[in-house]
Amino acid sequence: MARKISNRRRVIMTVIAWALAFVIFFPILWTIILSFKTEGNAIKAPWDVLTSAWTFDSYHVVQERSNYFRHFMNSVVISFGSTLLALVIAIPSAWAMAFVPGKRTKDVLMWMLSTKMMPAVGVLVPIYLMFRDWGLLDTRTGLVIVLCLMNLPIVIWMLFTYFKEIPKDILEAARMDGATLGGEILYVLTPMAVPGIASTLLLNVILAWNEAFWTLNLTAAKAAPLTAFIAAYSSPEGLFYAKLSAASTLAIAPILILGWFSQKQLVRGLTFGAVK
Amino acid sequence: MGQITLKGVRKAFGDVEVIPPLDLEINDGEFVVFVGPSGCGKSTLLRLIAGLEDVSGGEIEINGQPSAELPPAKRGLAMVFQSYALYPHMSVRKNIAFPLKMAKLDQAAAKEKVDNAARILNLTDYLDRRPGQLSGGQRQRVAIGRAIVREPAAFLFDEPLSNLDAALRVNMRLEISELHQKLKTTMVYVTHDQVEAMTMADKIVVLQAGRIEQVGSPLELYRTPRNKFVAGFIGSPKMNFIEGDEAAKYGADSIGIRPEHIEVSTTEGAWKGTVGVSEHLGSDTFLHVDTEYGLINVRGGGEIGLHSGDTVYLTPDLSQLHKFDAQGQAI
Amino acid sequence: MSTQASRSAARLMISPSVILLFLWMAVPLGMTIWFSFQRYNLLMPGQGGFVGWDNYYYFLTDPAFFTALINTLVLVGGVLLITVFGGILLALLLDQPIFGQGIVRVLVIAPFFVMPTVSALVWKNMLYNPVNGIFAYLAKAIGLQPYDFLAHAPMLSITIIVAWQWLPFATLILLTALQSLDSEQLEAAEMDGAGALSRFFYIMLPHLARAATVVILIQTIFLLSTFAEILVTTNGGPGNASTTLTYLVYVQSLLQFDVGGGAAGGVVAVILANIVAIFLMRMIGKNLEA
């Protein structure tokens, strides 16, 4: 039960925790601050930066010069597209493994996980060549396929752990009530698993949004999502601090917000249910 | 109509035979209870009838029609699960209407049936709530409602009361019995609680290790158990068993006598013993008496006034004495 | 425990994902292995042919491979060290009753959601930059010479960036594990006379061991493929001072167009990752039983 904690200790802990949190969050905070400064002010000494005038200029420039919105849409299409596709493939599989487990179900699950352990660089060359030959390089379709397959094991695993928590009785009741297999999944399982499916979606959108191996290696200008778009700032252009900051802020803001919502599921999803 | 016939039905999981070939006749309108200790195969048997498990052999006839190969929904049976298995994301109304929706019944007819079922089960005021907002007893009734609307050939109950507290269990027991009288539909009910079996059943099927030990009305099983297992399982408190020389006197390998068929005296009787624990329930007193034949439980009147340490003499009512041979079969 | 019908339906429903994942894994991996035994350079078409173990020989004896291997170990080891110890301390801190706990938590986990290219650029320009970076200003403020981190200590700098990204992950998992510790256990220990330190070492730490193992294994898998941070900050340099195995394979195959050599490197990377993966799979597999 709750016990009395001395206020002094609480205050000390609070100060330490806030100080550490500030240090950890600082790079993001500073990026956000710089994004609202002019280029000239952004490279001043830190205390001068803080006191200088605020402006939205950099945001306007980022959109006008680099067509930021297109890359943003690429990111949206690629991350949501790959995740939704993975969900469609994964839901029936997870249903089967959670509710009709066989002798080999466990092996299949472990094998699926093992595909995730393969370092991407091990298959970079063939994938690159295949994509070149099939005209999938620098296309959204290509990236949707790759990221879908890359995250499929995680999607199946997450769904599996969520489905396992749904009592089997309820699905059997639906079967007794005359539901077909499709009806069982559509009317009973899916609505009951909505929270689980939603967090699976969320986490995998985050993973896909931030994916920076395949997106960098398989895209050029056309289909480049934000990860690749931002990487272009590593060239000397990157010295435009305010614009870099504005582009960065725009790139991370949506996912930061989604991420904060999904903290709890994150642990479970990324540890494949090993830590809940 | 709800006639269910099992012919040589068996079930094996891999190499393990959980139900050896078994025959059983369930008549139309009968309330049949499968009872037995946990792991005796009673739930598996029910699931075989429901079609939630495949039989490994034999035939299940429902109203004379071979049904062992039919999917659950085609057998015309309804099931009430131990966990109620209500759909948490649907209102009570939608839960009850779900089987009708699956059967593609038109909305007006479905609504009438749901309202009717709700009236029978006193759920009318709760139709728009979610299962999570209901008490245990109400959830139980929703589960039954979902079964009723299908007008099934038979209801299957899988330990439906085991998640309720003791007082509610007694109430629901009564409600299910009343429902049976009202609907006159066949009911197959699985429980491990012999009190439920005794109070509700027209016919009890006692199972052990997948085998049927005895089939009969509650009183038949109580009066003439076919073997030691049934004798010990039916009746509360349990029958006392005595083996050895004392049993040999009656020409049996072991004898059994129910606690309520033993007379207690402080002065004279057949078996001498010392009262260990005495449990005073008000209406009855249960005495645990240490004798040279082992611990014997006796049921005495509420006013019996005996306490731990008292010396007592016990006399069995010989007309109620059960005799068993070395195999445990009744003689 | 189910019927024949549902079992065959189940098989049907698993097959799309099994087939897709099998193709995704087996086909490219098979091709990689095939290429690794071929002379195959995109700049020299027509000069193909089987070369046996040559690609492996050149890849493994290339001094860059040894550097890359060491760099990979430094990166993975360094990040693990920082994140696990830092994570335990942060988790213990966040588990304390503090004012504004929710906000602190949100701030601490934020870096995990920042895409690798952004965090690399932010650190490179806003923090490490010897002219305009915050660190340079801080150094000047206390009278030191600004230090060009990425030029003089590239591996350390990259390790810090990556550790910053993964610290929230470790913290979050360890915190979850810490909060799942039955408080009655701690109270029982307290009744038994265990002080705060003993409770930490005898109860909390063993409880965290499992979560820490999971953190180590999962991070290792991801860290072995660290790519964007290097590409954006140093391009593997100066020289190959910050080239890791992943980056080396990338350079060889996509920059030098030596498909055969890159494939051999890829196979080596797969083998190394699998050694880690085996341990991870055992852990998760055990958990599956429960």
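Protein chains get the first letters and strands the later ones, always in sequence-line order, with residue 1 at the start of each. Since the model is a prediction, treat every value here as computed from it, not as a measurement.
Contacts of His89(B) classified as ring pair (Phe, Tyr, Trp, His ring centres under 6.0 Å), with partners at least two apart in sequence or in another chain: none. In this structure Phe131(A) satisfies the ring pair (Phe, Tyr, Trp, His ring centres under 6.0 Å) test with no other residue, sequence neighbours excluded.
With chain A as the partner, the residue from Pro99(B), Ala143(B), Ala103(B) showing the most heavy-atom pairs under 4.5 Å is Pro99(B). For the set Asp177(A), Leu171(A), Ile170(A), the count of heavy-atom pairs under 4.5 angstrom toward chain B peaks at Asp177(A).
Within a 6.0 Å sphere centred on CD of Glu69(B), heavy atoms belonging to other residues, nucleotides or ligands number 12 at most. Counting non-hydrogen atoms of other residues, nucleotides and ligands closer than 6.0 Å to CD of Glu112(B) gives a total of 12 or fewer. Residue Phe80(A) places its CZ atom among 12 or fewer non-hydrogen atoms of other residues, nucleotides or ligands, all under 6.0 Å distant.
The CZ atom of Arg175(A) sits 13.5 Å away from atom CE of Met102(B), with the distance rounded to the nearest 0.5 Å. Note that OG of Ser83(B) and NZ of Lys168(A) are 12.5 Å apart. Values are rounded to the nearest 0.5 Å. Considering CE of Met176(A) and CZ of Phe98(B), their distance stands at 13.0 Å, rounded to 0.5 Å.
Between Tyr187(A) and Lys101(B), the shortest heavy-atom contact is CE2-NZ, 3.5 Å.
At a heavy-atom separation below 4.5 angstrom, chain B is approached by no residue within residues 139-152 of chain A. Along residues 191-215 of chain A, the residues that come nearer than 4.5 angstrom to chain B, judged on non-hydrogen atoms, are Pro191(A), Met192(A) in order of number.
Glu172(A) has its side chain out of reach of Met79(B): every pair of non-hydrogen atoms, C-beta onward, lies at least 4.5 Å apart.
Only the backbone of Leu86(B) comes within contact range of chain A, with heavy atoms under 4.5 Å apart.
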